[in-house]
Amino acid sequence: MEQWQQTLMKIAMAVQRRHRVLMVSDFFYPNFGGVENHLYYLSQCLLELGHKVVVMTHAYGTRTGVRYMTGGLKVYYVPWKPFLMQNTLPTIYGTFPIVRTILIREKISVVHGHQAFSTLCHEALMHARIMGYKVVFTDHSLYGFADVGSIHMNKVLQFTLSDVNQAICVSHTSKENTVLRSGLPPEKVFMIPNAVDAAMFKPAETRLSREEIVIVVISRLVYRKGADLLVEVIPEVCRLYPNVRFIIGGDGPKRVRLEEMREKNSLQDRVEMLGAVPHVQVRSVLIRGHIFLNSSLTEAFCIAILEAACCGLLTVSTRVGGVPEVLPEDIIVLAEPVPNDMVQAIGKAIRLLPKIDPQVMHDRMKSLYSWHDVARRTELVYDCALSCSDENLLVRLSRYFACGVWAGKLFCLVMTLDYLLWHLLELWQPSKDIEEVPDIASESLHEEMPWSVETEAI
Amino acid sequence: MEGSPPRPRWRKVAYGGMQPGYDDNYTDESFLEAMVMNSNVVKRDLLKVMRDSVSISQYLCVVALVVCVWTYTLGSIIDEKLLLSLDAVLLGLGFLVLLLTERRLSLPLLSKYFLNIGFFICGLYVLAPLFHTLTRSISSDSIWALTVSLLIVHLFLHDYSGSIIRPPGAPNNPTLTSNISLNASIVASVLIASRLPSRLHVFAIMLFSLQVFIFGPLVIHCLKQYSVKAHLWFSFTLTCSTLAIIFPINRLVFVIFLGLLLFVTVVCPYWLIRMQEYKFEIEGPWDEAKLCFDITE
């Protein structure tokens, strides 16, 4: 009898601990990148842990409405068109009705916003806070303090973060940056890194010969990714090591410069330029090389070097942002973002190469990073957020007020209006009139109604 | 707590899952260790800033002098012959200063200068009748209002650190703002010239204004490069003579101009020094790395 009661208690506890999470970001599949990847894998692993996860993003082309992805992950493609770099037009209040409907329909308990550039994320978090939901925010990027753009961006971030329950950053450097930018107490900011899907990034079956050493670069060819450094480094490396070849994957405005460099130094047979590489083909490019070169000028975490290391490549990278934290010292060679230093680092990597066994490195990466670990740690953050006490509007307004002489008053005004709008919406469409969605277990979703749902895998 | 094993040291790494004994929101003592504050701030000295501000007050005087010549010409106090001889004297003096101060000046370059100025004067002479009737249909009030605003634009955008006509061997190209500034001053001269009674007047005043606005900064720049002492003495004489010329025209303008000069050379430098206290610059590993070489597109 007692045992039965205990089991019941355990089940009750488990049910209580089950979170109902709404992930919000402008960046999601079918777009590709670090944030999109993070959102997808985190959601999948949280679903596996038994939580309910719903994703909200903006419409991509004709892709609007509700879609289901692998594992019954429900995605709301809200019909707001992006206007700049996949961001929706910031309307502040425009998204409130739909955010509110989704929150009530899905009986959400925690709202988790991703990426500081995402306007949809900022708006959704604001509305969720007004409605009294617990919110968590993940910052995926680094930002300086000097130029006009970042000063305004930081103010917006401060606005959102001044009232979040918990924040997550992807590296310790990113945590320092976020704390400085937003003025959050450091205890509220968690460090949970990205991870890599080891099954997708296996090393080549046969080991490459080391007669010819292939250096792979896969990145967007833009200024921030250090394409100009590559222009300086590649000819020098080719001059010093006659058995080195380069494979460059990626496209961007700096591609012309790289091609020019190739012409000027007659390196057509030693530098192969692939153009943009779709994410599914990244592994097939990576396993053609021995060394992975990352030349970024700023990077919060850098998933690319993680994927490369997982494929068993030795990494050479610039020592910027969170990069030094990502890999153990013995499988990465760091260099200052100076051409000479990078050439030396590549030389060091070439000398280290005989000691590297791709399979051993892959197994090691598997033990160092996993999305399941990330999901479990994120779960703890949700627990933490839920245990925060509820505060009334006045207490929160005072926190907004402290944001700045002018900004503080403006933020308070924005929040007060939002509060009024919320009550107006309650009058117009009372929350009890909004139909709640029944929960469908992920297994039954596949078995029972395979004809009615579109299941898509990344 | 003797029995418990000492917990391993926290490391600033992202790999390997949650570090045993430390939560994810653990903040180490090394937190923000790499942050550097105000590393690029230059300590400024009041006297040096004041000395640098002399360039600005000097140029204010130059513009004020040009406006004085304009008013005297419009009031027929200066006639065209005097104006033409003034042009010739200024041109001669300018070349003299260039010859004395600029070491890189060679004969071919000098002949190129002469040729250009020859073309310039001929062009101006041919265009003078056009300028003369250009704004006949516009009232004088509008012309004055426009001229004043153009001169203010000119003064705000003027490149006080150099000159738009580069001395030989100077690397940078002039910026957009300094180009706008120069154009504003030229339009202002054209507007004023179009109010004058004869074509010769127009030619003389245009030549005078353009000499000052285009070649003046170059001469001043060369003089400053050559010797700071000469530059300071020149500024001092210029300021005194400007004040002396303005005084008979209008007492109020004299007082305002004196106030402006004091504001530029005393109050502004003092402000700048005081504002340094509020400087708050943060740098750290999160900043975008700067490339140490020039990108040649």
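Just so it is clear, the values below take in all heavy atoms, side chains as well, and ignore hydrogens, waters and symmetry mates. So that the names make sense, note that chain A is the first sequence line, chain B the second, and so on, each numbered from 1.
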Original post:
With chain B, which of A/V326, A/L297, A/T298, A/V381 has the greatest number of heavy-atom pairs at distances under 4.5 Å?
Top reply: A/L297
Original post:
Of the backbone (N, CA, C, O) and the side chain (C-beta and beyond), which part of A/E232 lies under 4.5 Å from a heavy atom of chain B, both, or neither?
Top reply: side chain
Subject >> Portion of A/Y143 that has a non-hydrogen atom of chain B nearer than 4.5 angstrom >> reply: backbone
Subject >> Contact origin within A/T173 toward chain B - heavy atom pairs under 4.5 Å >> reply: both
**OP:** For the pair B/F31 and A/E176, evaluate side chain to side chain contact (heavy atoms under 4.5 Å, CB included) and give the outcome as yes or no after the intermediate values.
**Re:** CA-CA 7 Å; B/F31 189 69; A/E176 294 178 348; 3.5 Å; yes
Subject >> Aromatic ring proximity B/H154/B/F213, centre distance under 6.0 Å >> reply: yes
Original post:
For chain A, which residues from residues 255-274 of chain B have at least one heavy atom closer than 4.5 Å to it?
Top reply: none
Subject >> A/Y382 and A/H112: side chain donor to acceptor below 3.5 Å >> reply: yes
Original post:
Under the 3.5 angstrom rule, does the side chain of A/N165 hit a backbone N or O of A/V135 as a donor-acceptor pair?
Top reply: yes
Original post:
Which one, A/V320, A/V179, A/I168, A/V170, leads in non-hydrogen pairs under 4.5 Å with chain B?
Top reply: A/V179
**OP:** State whether a side-chain donor-acceptor pair under 3.5 Å links B/S178 with B/D159.
**Re:** no
Original post:
Relative to chain A, which of B/D23, B/D28, B/L291, B/I282 shows the most heavy atom pairs under 4.5 Å?
Top reply: B/L291
Subject >> Contact leader toward chain A among B/C292, B/G16, B/G284, where contacts are heavy-atom pairs under 4.5 Å >> reply: B/G16
Subject >> N-O pairing of A/E259 and A/R255 below 4.0 Å >> reply: yes
**OP:** Check the pair A/D330, A/R364 against salt bridge (charged side-chain N to carboxylate O under 4.0 Å, His left out), reporting the backbone distance first and the verdict last.
**Re:** CA-CA 12 Å; A/D330 53 327; A/R364 193 164 160 205; 2.8 Å; yes
Subject >> Contact origin within A/V231 toward chain B - heavy atom pairs under 4.5 Å >> reply: neither
Original post:
Heavy-atom distance under 4.5 Å between the side chains of A/F145 and B/E281, does that happen here?
Top reply: no
Subject >> chain B contact via A/L180 - side chain, backbone, both or neither, heavy atoms under 4.5 Å >> reply: side chain
Original post:
Among A/R319, A/Q166, A/M191, A/R376, which residue forms the greatest number of heavy-atom pairs with chain B at distances under 4.5 Å?
Top reply: A/M191
**OP:** For B/K279 and B/Q276, test the side chains for any donor-to-acceptor distance below 3.5 angstrom and give the result as yes or no.
**Re:** no
**OP:** Just give me the residue among A/S367, A/S171, A/P339, A/G144 that pairs up with chain B most often, heavy atom to heavy atom, under 4.5 Å.
**Re:** A/P339
Subject >> Carboxylate-amine/guanidinium proximity below 4.0 Å for A/K254 and A/D228 >> reply: yes
Subject >> Leading residue by heavy atom contact count with chain B [cutoff under 4.5 Å; candidates A/L229, A/V338, A/L327, A/L368] >> reply: A/L368
Subject >> A/R224/A/E299 ion pair, N-O < 4.0 Å >> reply: no
Subject >> chain B contact via A/P324 - side chain, backbone, both or neither, heavy atoms under 4.5 Å >> reply: neither
**OP:** Below 4.5 Å from any heavy atom of chain A, which atoms of B/F293 appear? Answer side chain, backbone, both or neither.
**Re:** side chain
Subject >> Per-residue contact mode, A/D373 against chain B (heavy atom under 4.5 angstrom) >> reply: side chain
**OP:** Report yes if the distance between the aromatic ring centroids of A/F301 and A/H140 is under 6.0 Å, otherwise no.
**Re:** no
Original post:
Does the side chain of B/D24 come under 3.5 Å of the side chain of B/Y26 through a donor N or O and an acceptor N or O?
Top reply: no
